[in-house]
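To start, the structure itself, in structure tokens.
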Amino acid sequence: MYKNYIDGQWLDGASAHANVNPSDTTDIIGHYALADAAQAGQASAAAHAAAPRWAASTPQQRADALDKIGTELLARREELGLLLSREEGKTLPEGIGEVTRAGNIFKFFAGEALRQRGDKLASVRPGVEIEVTREPVGVVGIIAPWNFPMAIPAWKIAPALAYGNTVVFKPAELVPGCAWALAEIISRAGLPAGAFNLAMGRGSQVGQAMLDDRRIAGISFTGSVATGGRVAQAAAQRLAKVQLEMGGKNPMVVLNDADLEVAVECAVQSAFFSTGQRCTASSRLIVEEGIYARFVERMQERTAALRIGHALDTGTDIGPVASGDQLEQDLRYLAIGREEGARLVCGGEHVTRATPGFYLTPAIFADCSNDMRICREEIFGPVAAIIPARNYEHALELANDTEFGLASGICSTSLKHVQHFKRHAQAGMVMVNVPTAGVDYHVPFGGRKGSSLGPREQGTFAAEFYTTVKTAYVAG
Ligand code: UN1
């Protein structure tokens, strides 16, 4: 039984549940505690009590702790990558890659703990000096999704601790294994009791308790649009700081002058790798008329050659869908696409393998129109919609015609169009001849419109959410 970690103690939950491998539903990874609202309250109380002490720690203490966590993640990347792939279903290379990313994030923020910023200025009044400094926010509540069980917790927990905040961490119920392993590593990093707390449990219990708890000063959330809206409302009600990363319906524009192989590779990577379960996935492929037929044909060939199988098998390109619920949602959208008159070029079949799992072949819909539901709503599965465009201007218009604004890609060899697209894509991130998914760990991450709310995550920009600014006036 894997327990919650609260105030430096491992505690049984109010109940527990089984962690099931989506590649093989007969494989139970373990039984994990589920906190109720009362235990979530205990975690907030512990984080609240520890906040002054951790805020007063030296930059060296914080850097050392984060560096130690990063070093251990990197040293254990194969073992933890296997755990990640076993519980989430992305392939083993993807799992190992994600643990590596998480390790690097902790290392990056270990450095950030030392690189403090501040300004000393003269006042407009004689004899007065001004200092502008940053302080921790206090207790930060972290609510993470299941699709990046190591990297997303890392990019929230590392800056929270680096800037002197204490943490209540609620992972997604689907992936408690990585959360517990990360918590266990953090528990040995030399933090004071209560500085970091793991509260595994349901959104309706633990998540809600965190939203309602006035001791939690800020909530950083990544997940669905529907839940994000509820988080924002709850935070607004009690004026808590909030950072939301939600969905995407990311376009990838392919122009006539694109290198066809580059475009196909970018599209296949972004749309189908990690089983399409990324908010950065390219789910709308907007293709100019002159290259349209060749693009659809090459996409079909390349997609048909992908091997869908057990996440831990060598040679698997695409692992299973992460859960039965997600598979149902994917299949529902596949039916919607057919009803809307999109042409299914390949895939979209729920297939069987040697072990019972949630296997779905990557699906391509062609001849789509941007107002179809499959082009407007986030599916979060291996489903791509190809939309024809008359010319560059039309492609840009279609790319921006969405409620979302996370990542926007273009494949082209035209400097003129690329420069124009970089400037006019209504998205937080623009990708040129690279996939929209798979971002760096040291630069800002986030979007516009319905994709994000609040300051950016990652890189030095993480300080915007995890610190608060103080302006001090001092007369000598
Ligand atoms: C990536 O594409 O490398 O939930 C990261 C998500 C995003 C992270 C994507 N917040 O898919």
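All ligand and atom numbering here is 1-based and tracks the order in the structure.
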(message) Is the distance between the ring centroids of His420 and Tyr392 under 6.0 Å?
(response) yes

(message) Under the rule for side-chain hydrogen bond (donor to acceptor under 3.5 Å, both in side chains), what residues qualify as partners of Thr303, not counting sequence neighbours?
(response) none

(message) Working to the nearest 0.5 angstrom, can you tell me the gap between His310 NE2 and Tyr359 OH?
(response) 5.0 Å

(message) I need the full list of salt bridge (Lys or Arg N to Asp or Glu O under 4.0 Å) pairs touching residues 433-457, with sequence neighbours left out, sorted by first then second residue.
(response) Lys156-Glu457

(message) Suppose the criterion is side-chain hydrogen bond (donor to acceptor under 3.5 Å, both in side chains): which pairs have a residue in residues 235-245, not counting sequence neighbours?
(response) Ser220-Gln243, Glu245-Ser452

(message) Against Arg86, only a single residue in Asp27, Asp313, Asp24 fulfils salt bridge (charged side-chain N to carboxylate O under 4.0 Å, His left out); can you say which?
(response) Asp27

Which N/O atoms of ligand 1 sit under 3.5 Å from a protein N/O, and at what distances?
residue  : atom   : partner : partner atom : Å
ligand 1 : 2 (O)  : Thr280  : OG1          : 2.5
ligand 1 : 2 (O)  : Gly438  : N            : 2.8
ligand 1 : 3 (O)  : Arg101  : NH1          : 3.2
ligand 1 : 3 (O)  : Arg101  : NH2          : 2.7
ligand 1 : 3 (O)  : Gly438  : N            : 3.2
ligand 1 : 3 (O)  : Val439  : N            : 2.9
ligand 1 : 4 (O)  : Asn147  : ND2          : 3.0
ligand 1 : 11 (O) : Asn147  : ND2          : 3.0
ligand 1 : 11 (O) : Cys279  : N            : 2.6

